[in-house]
Asker: 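Dumping the structure here so I can ask a few things about it.
It should be emphasised that the depicted structure is a prediction, and the values quoted were computed from it without experimental measurement. Atoms within each ligand, like the ligands themselves, are counted from 1 in listed order.
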Amino acid sequence: MSTFQDFLIKIGIKENANILMHSSYLKIRSAFYEISIEEIINSIKKIITSNGSLIMPTFTYCFKRLDGSNEVFNREKSKSKTGAITEVFRKYPDVTRTSSPTHSFAFWGKIKNIFDENNSPNSPLGKESVLEWFVNQENSYVLMLGVDFTSFTIGHYLEIQAPVPWSDFSPWDYLGVRKIGISTEGEIKLIEVPGCAKSFITFEKYLLEQNIIKSNFIKSMNYYFLNVKSIIDVGIKYFKENAETLLCPQGSCLACDSRRNKYLC
Ligand SMILES: [Zn+2]
């Protein structure tokens, strides 16, 4: 058994678990010398078995733009912009990637009985999304290896559930982004356009201060293994009551400022 697999078992990963993984390959490699991406993926699969699910975001943000400068999503070819591990994972022959032009997911295991490659909801991280299914399962965990809450995709789900005042307001107007996803299969209207996640770290700080989660390190790699049930209700409450803390400080981020200017000023 590899030391990485030992580590996964030690932090609590078990058979049948549904795992949503966010990762930095560089950080994992610094903690587990010369480990390959394949070894990382296979170690998780081996523990959870195909009665569990391994899910990764493979987002590409292919929004239609006013000036036509947008990329067009191709489910098979478009590279994931959410990390090196996700790009390798999505190409495994036994892994399915969904069709959302902006927020596709790649997954393996039990979840393949629920979703197929055609999943592309109008609410890419809300209703009828992979994320909605994931957070409503008993056995779901977020595994974050070497990343902080700027990678916490569930934050966007919480924005919708709370909801924050700007949940369906696109903050990317200044980039000419429209509320439409565009792929080789055609265009899809979007209900929400997920915004900037940089300030999700204020939710991370809150969870740490309240001792709801613990900060963990192995060598120089930070990590979290979070039971989704333990953070969803507290998350909805936090997002509802502290929405303004989820925007970047005024003047530092055009996307967050556009939401602040419309709803908080
Ligand atoms: Zn921002």
Side-chain angles (χ1 to χ4, degrees), residues 20 22-24 26-27 56-67 69-71 73 80-83 86 100-105 123-126 129 131 135 142 144-182 190-210 213 215 222 224 226 231-232 234-265:
L20 173 64
H22 304 293
S23 58
S24 159
L26 269 177
K27 290 275 176 67
M56 298 187 199
T58 54
F59 302 163
T60 50
Y61 316 108
C62 292
F63 295 102
K64 191 170 182 178
R65 293 193 184 207
L66 289 171
D67 64 0
S69 66
N70 50 265
E71 269 178 66
F73 178 68
S80 165
K81 293 183 177 165
T82 41
T86 72
S100 168
T102 58
H103 297 82
S104 62
F105 286 90
S123 183
L125 301 176
S129 70
L131 223 46
V135 302
V142 182
M144 305 181 77
L145 300 177
V147 295
D148 63 18
F149 270 43
T150 57
S151 302
F152 186 66
T153 301
I154 285 181
H156 293 302
Y157 176 83
L158 294 173
E159 289 178 318
I160 300 166
Q161 296 302 308
V164 294
W166 45 81
S167 65
D168 61 355
F169 175 76
S170 168
W172 307 114
D173 272 6
Y174 77 94
L175 296 174
V177 164
R178 302 179 62 191
K179 282 175 86 173
I180 294 173
I182 180 163
L190 303 175
I191 297 168
E192 298 97 9
V193 173
C196 170
K198 281 188 202 130
S199 289
F200 286 173
I201 52 169
T202 57
F203 179 50
E204 179 179 5
K205 279 185 197 150
Y206 170 80
L207 292 173
L208 287 166
E209 281 164 14
Q210 300 293 314
I213 66 172
S215 177
N222 60 304
Y224 292 114
L226 308 171
I231 47 174
I232 286 297
V234 68
I236 289 173
K237 190 163 184 288
Y238 181 89
F239 274 58
K240 198 189 282 279
E241 293 172 0
N242 304 279
E244 72 285 357
T245 70
L246 300 161
L247 298 175
C248 295
Q250 189 148 24
S252 65
C253 171
L254 288 172
C256 289
D257 277 350
S258 73
R259 287 181 159 175
R260 179 181 290 102
N261 292 340
K262 186 163 166 68
Y263 293 95
L264 298 179
C265 291

Asker: Do Tyr238 and Tyr206 have ring centroids that are under 6.0 Å from one another?
Answerer: yes
Asker: Ignoring water, what protein N, O or S atoms are under 2.8 Å from the Zn ion (ligand 1)?
Answerer: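 Under 2.8 Å from the Zn ion (ligand 1) - ignoring waters, which are not counted - the protein N, O or S atoms are Cys196 SG, Cys248 SG, Cys253 SG, Cys256 SG.
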Asker: Is it true that Lys205 and Glu209 have a side-chain N and a carboxylate O under 4.0 angstrom from each other?
Answerer: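 Between Glu209 and Lys205 there is no salt bridge, as every charged N stays at least 4.0 Å from the carboxylate O atoms.
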Asker: Quick one: does any side-chain atom of Asn222 pair with a main-chain N or O of Leu145 as donor and acceptor, under 3.5 Å?
Answerer: no
Asker: Quick check: do Met56 and Thr82 have side-chain heavy atoms less than 4.5 Å from each other?
Answerer: no
Asker: How far apart are the closest heavy atoms of Ser252 and Asp257, and which atoms are they?
Answerer: N-OD2, 4.2 Å
Asker: Determine whether Ser104 and Thr58 satisfy the following criterion, side chain to side chain donor-acceptor pair (under 3.5 Å), listing intermediate values before the conclusion.
Answerer: CA-CA 5 Å; Ser104 62; Thr58 54; 2.8 Å; yes
